Enquirer: 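Here's a structure for you.
As the structure is a computational prediction, the values presented were derived from the model and not from experiment. Whatever order the structure lists them in is the order used to number ligands and atoms, beginning at 1.
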Amino acid sequence: MFEIAPSILSADFSKLAEEIRAVEAGGASVLHVDVMDGHFVPNITIGLPVVKSLRKITSLTIDTHLMIDEPGRYAVQFVEAGADMVSVHVEADQHLQRTLTAIREAGALAGIAINPATPLVMLEEALADADFVLIMSVNPGFGGQKFIPAALDKVRRLKRTIEDRSLNVKIEIDGGIGTENIGEVVEAGAEIIVAGSAVYGSEDPAASVRSLIESGTVWV
Ligand code: DX5
Ligand code: ZN
């Protein structure tokens, strides 16, 4: 099975609670929150106070994707603010094992996010310390970009490694996913599917979540 994680990056921030109600009604189970610092990626978004406020209005799993330098300085604060899942980029953290352990000890699921050009071998040693891996299928920074097809094979290879090593690690995928390609990413082995513009770029986010679930289901 797979879960849909709408990314609020493409939502209307002036009515965030309403936007979240919509995806809850559509059957989403995870809420993907993109945190950007203007250094690791060329964009600035939202941070701790917003996560704190979201925690009060939703029981969805809050998944914070930290696209920030030195994520180890902030990761635990995101758990304290209410995040259930926290991912940090392998490219941004010199002490990844320490950060993953700290996230787990704070009570959340720890994830490693990996950019399109970063090889999977970079995850090898830290994989056992993670609960999930977030494979980027676009270069992080903006919503609405085109899916990079090489991500599919990356998902497949990671899936194989996880199985070979009998690890309990989920695969999340993020960027450029819609009804036209969700089937392929699910078939490749992704279990948490992030969708920003495919959900919030539409007139009816609830219906868009439903059609994503429907389009992915035939492939499971
Ligand atoms: C990109 C973010 C994504 C983004 C996805 O840097 O990490 O979560 O919101 O948006 P879409 O689904 O439009 O590619
Ligand atoms: Zn993201």
Enquirer: For Val209 and Gly26, work out which heavy atoms get closest and say how close.
Expert: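 Here Val209 and Gly26 meet closest at CG1-O, 3.5 Å.
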
Enquirer: Mind checking whether His89 and His65 have parallel, tilted or perpendicular rings, split at 30° and 60°?
Expert: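 The rings of His89 and His65 lie parallel, inter-plane angle below 30°.
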
Enquirer: So, Ser137 side chain and Ile148 main chain: donor-acceptor pair closer than 3.5 Å or not?
Expert: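 No, the answer is negative, given that no donor and acceptor are paired below the 3.5 Å cut-off.
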
Enquirer: Considering only heavy atoms, which protein residues lie less than 4.0 Å from any atom of ligand 1?
Expert: Ser7, Leu9, His32, Asp34, Met36, His65, Met67, Met136, Pro140, Gly141, Phe142, Gly143, Gly144, Asp174, Gly175, Gly176, Val194, Ala195, Gly196, Ser197

Enquirer: Tell me how many protein N, O or S atoms are closer than 2.8 Å to the Zn ion (ligand 2).
Expert: 4

Enquirer: What's the verdict on side-chain hydrogen bond (donor to acceptor under 3.5 Å, both in side chains) for Ser202 and Asp204, showing C-alpha distance, side-chain angles and the deciding distance?
Expert: CA-CA 5 Å; Ser202 85; Asp204 187 344; over 6 Å; no

Enquirer: Mind running salt bridge (charged side-chain N to carboxylate O under 4.0 Å, His left out) on Arg21 and Glu18 for me, showing each step along the way?
Expert: CA-CA 5 Å; Arg21 289 285 98 79; Glu18 208 178 299; over 6 Å; no

Enquirer: In chain order, what residues pass the side-chain contact (heavy atoms from CB on, under 4.5 Å) check against Asn181, with sequence neighbours excluded?
Expert: Phe147, Ile177, Glu184

Enquirer: Would you indicate whether the side-chain heavy atoms of Phe40 and Leu66 approach each other to under 4.5 Å?
Expert: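 No. Closest side-chain heavy atoms not under 4.5 Å.
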
Enquirer: Show every side-chain hydrogen bond (donor to acceptor under 3.5 Å, both in side chains) that has at least one partner inside residues 70-80, sequence neighbours left out.
Expert: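 Residue pairs passing side-chain hydrogen bond (donor to acceptor under 3.5 Å, both in side chains), neighbours aside: none found.
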
Enquirer: Do Thr45 and Asp34 have a side chain donor and acceptor closer than 3.5 Å?
Expert: no

